[in-house]
Novice: 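Let me begin by handing over the structure; questions about it come next.
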2 protein chains.
Amino acid sequence: MRLLPLVLALALALAAASSAAASASGPRSVLRTVTDVPAAVSSGEDADALFCDSWRLSVETSNAGPWRAIPARCAAFVRDYMEGPRYASDSAVAAADSLAFASGALAAAGAGAARPAWVFDVDETLLSNAPYYAVNGWGSQEFNETSFDEWVDAAKAPALPSSLKLYNELQGLGFYVILLTGRTEFQRNSTEANLLFAGYQSWEKLILRQPSDIGKTAVKYKSERRAATEAEGFKILGNSGDQWSDLIGSPMATRSFKLPNPMYFIS
Amino acid sequence: MRLLPLVLALALALAAASSAAASASGPRSVLRTVTDVPAAVSSGEDADALFCDSWRLSVETSNAGPWRAIPARCAAFVRDYMEGPRYASDSAVAAADSLAFASGALAAAGAGAARPAWVFDVDETLLSNAPYYAVNGWGSQEFNETSFDEWVDAAKAPALPSSLKLYNELQGLGFYVILLTGRTEFQRNSTEANLLFAGYQSWEKLILRQPSDIGKTAVKYKSERRAATEAEGFKILGNSGDQWSDLIGSPMATRSFKLPNPMYFIS
C-alpha cells in the first residue's frame, strides 16, 4: 500500500482535449488538465496540430472508418508530416517490424510446406506518389483520376526507401513476393516499368484488377486474390499495405503491416 | 501532363529516418531528405522523440506485435505523452469516432433484431490507471502484480473522461453495455465499486475471468465471451479497448475502436 497515500492525495483528472476537467488540488497532477496546458495549445495552430495528430492516429488505427477528405484544418499538418522526417520514420519502423517478424515466421513455417509468400501493395507501399501529391495538395484536393493516371503512365514514382530495403531483405530470406494492387490490367506495362525504375528487380506475380474486378471493393478483390494465391500453393506469411483494405478480409496473412498514409482512404 | 515537368525535374528521395538518401538537385525537394533535417533531429533528444513517436504508432497499429517493455530510450516520451495533452486528445478522438458510428449502426441494425450491444474493456478503457502508473514509471518498470492488485482493491481509479462521456451517450441511444475485462472474478466487488466511484452508473453485464479462464490469452477468453454474449441474443455493434486483444478474434464487433495505450501490451 506504499504508493497509495500519495496517489489518493491527488485530485485526479484526465482532461479531454477540448472539454473542461477538474482542477488539480494535490501537489502534482498525474495527468495534465486543461488548465495546465500552455495557452499556446488552445490557440489555433497548436490546437490544430494536437487534433490533427489524433485524427491521423484514428486513420492509422482504422478508428476513423471510411473517410473522403482530410479535415480542412489538417491540410498543413499532412503536408508537414509528409515533407518532414515523420513519414519516413514511421515507414522505416513499419519495415523494421516486418523484418523482425519475417525471419522467425520463415523458420516456424518449416521446410517442405507451402511456398512462403509476402504480399505487397504498390501505391504508397512499394512506390511513393509523393511527387504527385506534392503538387496536388498532399491529398487535400479532390482526387483527379485523369492527372493521376498520367502520373502512373509516366512510370517515374520513386521507391519508398524503407520498403525497397525490406523487399530485398525478404527476397534474400527466401520469400516469394506477390504484388497485389488496385491498379488495372491496362496499367501493367507502366507499373512494371515503374517498379523496375524504382529498383524492384523481380517478383513472383503482379496481380492487377481485371475488367471483372471493376466495382469490387478493395477488401473483396484483394481477399479473393489472396485466397487464389494460397490455393496455388503459397502461404502468405506477411502482408504490407498503406490501407486496411489491403490487409483485412479472409484469408489474412499471418501478420499484416500497416504503412502510414494520411492522404487518402480506399475501402 | 501539366504537373509532370516540374515533378520530373526533381531528384526525388524519400529518406528513411536513419539511413542515407540521395540529395535533392531540383529547386524543391518533395520529401525531406536526411541532409535537410535540422541538425537537432539527429541529436539525441529529438532523434528519440522521432523514433518513439514512430514506435508508438507501430504499437497502436499492432505492427509491433507482442512486446514486453517500452524501449528504454522512450521512457520519457511515454511519460510526456501520458502527462501531456496528447493522450487525452487521442482518447477523445477515438470516442468521437465511436459515437459517429454508433447512431448510424443502431439505425442500420433496425428494430426487432437482436439487442444492440457495445462491449467495453475496463482498464485503460473505462478506468484510467494513470495515477498508479504515474508513480510506477508509466510502464517503464516491470509489472508488479502485488502493488497493482492493491491499487485495484482500493477502487479509486478515475474514469477516462472521454470514455465516460461516450458510455453515457451510448446508453442514451439505447445500447446495452457489456463490460468484458481481464480482471478476475475475485476482483468483482472492487471493480464494481470503482466503476461506480468513477461515475459509471449501470451496465448490462460485467464479465470477469473465471478460474477456468486462467491461462487463456485475452484474445481467446474475450472471443469466447463475445460469442456467448451474441448467443444470448445480443448483437455486438461496437467494441472499445486499449489492446488489440480486446478487439480481434471471432466474433468481432461490427466496428472496433482502439484506445491509445503506450504503456503495456496484453496478448
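Within every chain, numbering begins at 1; the chains are lettered A, B, ... in the order of the sequence lines, protein sequences first and strands thereafter. Below, all heavy atoms of this structure are taken into account, side chains as well, without hydrogens, waters or symmetry copies. Predicted model, so just to flag it, every value in this text is computed and none were measured.
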Novice: Taking all non-hydrogen atoms of both residues into account, name the closest pair between Asn63(A) and Ala94(B) and its distance.
Specialist: ND2-CB, 3.8 Å
Novice: For Asn194(A), what residues pass the side-chain hydrogen bond (donor to acceptor under 3.5 Å, both in side chains) criterion, not counting sequence neighbours?
Specialist: none
Novice: Measure the CG-CH2 distance between Asp90(A) and Trp55(B) for me, rounded to the nearest 0.5 Å.
Specialist: 13.5 Å
Novice: Given a strict heavy-atom distance threshold of 4.5 Å, which part of Arg255(B) is in contact with chain A: side chain, backbone, both, or neither?
Specialist: side chain
Novice: Quick one: what part of Ser98(B) sits under 4.5 Å from any heavy atom of chain A, side chain, backbone, both or neither?
Specialist: neither
Novice: Could you tell me which of Pro260(A), Ala95(A), Ala100(A), Gly65(A) has the largest number of non-hydrogen atom pairs under 4.5 Å with chain B?
Specialist: Gly65(A)
Novice: If I take atom CZ from residue Arg86(A) and atom CG from residue Asp53(B), how far apart are they, to the nearest 0.5 angstrom?
Specialist: 4.5 Å
Novice: Which region of Thr146(A), side chain (C-beta onward) or backbone (N, CA, C, O), has a non-hydrogen atom less than 4.5 Å from a non-hydrogen atom of chain B, or is it both or neither?
Specialist: neither
Novice: Taking atom CD1 of Ile248(A) and atom CE of Met252(B), what is their separation to the nearest 0.5 Å?
Specialist: 8.0 Å
Novice: Output the distance between atom OG (Ser54(A)) and atom OH (Tyr87(B)), rounded to the nearest 0.5 Å.
Specialist: 12.0 Å
Novice: Side chain, backbone, both or neither: which part of Thr61(B) has a non-hydrogen atom closer than 4.5 Å to chain A?
Specialist: both
Novice: Is it the backbone or the side chain of Ser91(A) that comes under 4.5 Å from a heavy atom of chain B, or both, or neither?
Specialist: neither
